[in-house]
Amino acid sequence: MAKIRIFSLANKLGLRTEALIKVLSDMGIEDVSPASAVDPETASAAVELVVEQAEEAHRQAQAAAEVQAAQEETRTGATDEATVAKEEWEEEFAPPVHDADLEEGLAELGQYLAELQAATEQERPETPEVKPLSELAARPTGERPDSAVDVPPVVTVLGHVDHGKTTLLDALRQTDVVSGESGGITQHIGASEVSTNDDTIVFIDTPGHEAFTAMRARGAQVTDVAVLVVAADDGVMPQTVEAIDHIRAADVPMIVAINKIDLPNADLAAVQQQLLQHEIVPEELGGETIVVPISALKHEGLDELLEMILLVAEVEQLWADSQGDFVAVVVESRVDSSEGLLAAILIRNGTISVGDIVVCGASWGRIRRLRDWRGKSVKTMEPGHPVEVVGLSDVVEAGEIVQLADSTKQARSLAEEAQDTERERSLMGQAEVQLRQLQRQFGAEQVKELNIVLKSDVWGSTQAIEANLNQLGKQLGEIQINVVHNTVGEVTQSDVLLAAASEAIIMGFRVGVSNEALRAAQDEHVEIRRYDVIYEALEDIRRAMIGMLEPIYEEQAIGEAEVLQTFESSRRGVIGGCRVTSGRMARGARIEVVRNGDQVFDGELSSLRRFENNVATVEAPQECGIAADEFNDWEPGDTITAYQQVEVERSLSGQAVESSSS
Ligand code: GDP
C-alpha cells in the first residue's frame, strides 16, 4: 500500500490530527505536519499505539466510574455493558492491525475507536455539557411553542462623533411620546421602545461602536439591525469606517441613515460615493444596502427609517418563549445613591417578576423593584423588552448575562463560581486566541480561521500588509486569514474590544498601544503583537502554523513573603505564618527560604492556607500559612522567595528555524 497522509489517517480513525501527531511523537517520530505522509508500517505501529492508549483511557475511566459508583452505592449497569462490549471488540479485532491490508482495516478500527471513546465518555464521571452563556442569549429558532410571544427587533445606532446619533435617538423617543401614551419619560434606563403603527422597536440608548462591541466581547450580541449614521455635510469619517468594520465583524444587517439633509451643504451623492469605497453599495446604485436620508433635528425621514428597520429585521421571525428559562442581557448599569445598583437589562427569554432572585456574573440579589423603559414601576416583564432591575449586589457590565436562581443559596454559589472562574482567568492572564497556540488549536480543529485586527502607521502600509496577509492565507490553504479591521493609528481600546468580540489577535505595525488598550487587552485577554516589518509578521504566522511558536517556559520569581510566627499542626508539622510582601505565593511553587543571608531550604511549597481554607495563591499584602513537606524548621524573620515556570515570549531571532521562505 502507498504512503498515507497523517490527516487522512486521523480522519479514517476518527481522531484529531493533533492527537495522531502526538502519538507519532511518542513513537519518536518528530517534525511531522498534518500533510506529512507515513509508510504503512509506521501507520500500523501508530494505530496499535492509538488503540493501546484508547484502551488505557477506557480502563481508567472505568476505574474512576467504579470508584464513583461504589461511593454513591448505586448501580448504573453502564460499566458492565461497556466491559462486555469491549471484550467482544477485543476478540474481533485483536491484534488490531499487523500485516492486514491497512486501508481495509482502518475503517473498522475507526469505528472501534469511536465506540470505545463513546463508552469511555459514558463512564467518565460527571462532565455535564454547559451551553455557553452567549448562546443562551441568542434568538430562538425553529418550532414556536404555545407560550411563544412576538418580540421587537433590537437596534443600535453607530457612526462618527457629531454625526447625530444622540439627536436621532432623542427624536425617535419624542416621536414615540407624541404618538404613544401620555406621561412621557421620567428617566432613561438604557434602552427605549419606539412604536410605529403595529410594531415596536427597541433602541439601545448607548450609541457608538465601543458599547456595541463591548457587549459582544462580554458574550452577548443582541443587536438585530445596526443603523449607521453618516452626516450629509461631513461624509464618511474615520469612526464611520470603524463602525462599518465593527458591524461587519458582528455580522449584523446594516441600514445607512444619511443625516443632516436639512443643511445647505448636504451632499447625498458624495456620501454614497464614499460608501462605495468601503464596499457598501446603496440600493440606488444597484446594491443591497438600504440608505435613508434623514434629518434628526427636523424629524424628517424618521418614519421611513423605522419602516426600513422593520423590513430588515424580518420581524415576523422574531419570538421568545415567555415561559422558557429566563435569560437577559445587561445593557447598562449605574449606581443610585438611594436605591443602590440599577441595571437595565434586555429580556431575551422567559418572564421576570419582583421577588425573583437574579444572578449576573459575580453579582446576585432579590429583585426589589422593576421599571419599564419609561421609568414606570411594573410587577413583571415579558421577553423582548428592556427593564430596569433594582436589587443586584455588585456592579455588572454591559453584555453580561442575567439568569434566575431558585434560591439565595444557589444564587450565591453561582456567583461565587463565576468569581472563581474570572479570578483564574485573570491569574492565567492568557489570551483567548494566541498566535503561538494557533497550531495546537488548529490541530485540535478549534481554529480554522485566524482573525486579525491590523493597525499601522501610514495609510500606504495598511493595504500592502492586508494584501500580503491574504496572499499568505492562500498559500497556507488549510487556514483562512481574515482581516477584520484595518486602519492607521495606535492600538485603541475599541480595537481590543473588536478583537475580543471577534476572537482576533491584534497586529500593530510601527504603532503604539494606548494605556487604555493595554488595560483592556489584559481584561479581555487579547493578544497584541507588534512588528516593524511585514516580513516578521508573515514569518510569525507561518511559524505558528508549523508549530514553531510553541511557548518557552522560564523560571521567574513570582513573589516574596516573610515569616511572622510559627505554628504546630498535627498533620502538616510546623507551619510558617507569613505575610506576602510582594507578588504572590502559589501552591506547588519552588521556594527558597533565607535566614540571615543563608539559604536554609530550597524545595516545594506544598500547602498554602488562608484562614481555614486551602488556596492556590495568596497575593501581597495578605497573610497566609505556608508549609513544605520537606521542611519544618521555620523561624520568624525567615524570608521566602517563590519561583514558578512562567511562559515567555519567544523572540524571533532566538528561534532555530529552517528558512521556509525560500
Ligand atoms: P453624536 O455625537 O453622533 O451623538 O451627535 P449629536 O446627536 O450630539 O449631534 C451633533 C450635533 O449635530 C448637534 O449640534 C446636533 O444638534 C446636530 N445635528 C444632529 N442632527 C442634525 C440634523 O439632522 N441637522 C442638523 N442641522 N444638525 C443636526
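Whatever order the structure lists them in is the order used to number ligands and atoms, beginning at 1.
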Working note: Val513 + Lys455, criterion side-chain contact (heavy atoms from CB on, under 4.5 Å); need CA distance, chi angles, decisive distance, verdict. CA-CA 10 Å; Val513 180; Lys455 296 295 292 218; over 6 Å; no
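Counting protein heavy atoms only, atom 9 (O) of ligand 1 is closest to Thr167 OG1, 3.4 Å. When only non-hydrogen protein atoms are considered, atom 20 (N) of ligand 1 lies nearest to Asn259 ND2, 3.1 Å. When hydrogens are left out, the protein atom nearest atom 16 (O) of ligand 1 is Leu297 CD1, 3.9 Å; that is the closest non-hydrogen contact.
The shortest N or O to N or O distance between Ala296 and ligand 1 is below 3.5 Å. Where the criterion is an N or O separation shorter than 3.5 Å, residue side chain and backbone included, Gly164 meets it with respect to ligand 1.
The shortest side-chain heavy-atom distance between Met254 and Ile290 does not fall under the 4.5 Å cut-off.
By heavy-atom distance, the residue among Gln239, Lys260, His163 lying nearest atom 11 (C) of ligand 1 is Lys260.
Less than 4.0 angstrom separates atom 22 (C) of ligand 1 from at least one non-hydrogen atom of the protein.
Each of the following atoms of ligand 1 lies closer than 4.0 Å to a heavy atom of Asp262: 22 (C), 23 (O), 24 (N), 25 (C), 26 (N). Close approach to Asp162 involves these atoms of ligand 1, each under 4.0 Å from a residue heavy atom: 1 (P), 2 (O), 3 (O), 5 (O), 10 (C), 12 (O). Those atoms of ligand 1 that come under 4.0 Å of a heavy atom in Lys165, given as number and element, are 1 (P), 2 (O), 3 (O), 4 (O), 5 (O), 7 (O).
Under a 4.0 angstrom heavy-atom cut-off, Lys298 registers as lying outside contact with ligand 1.
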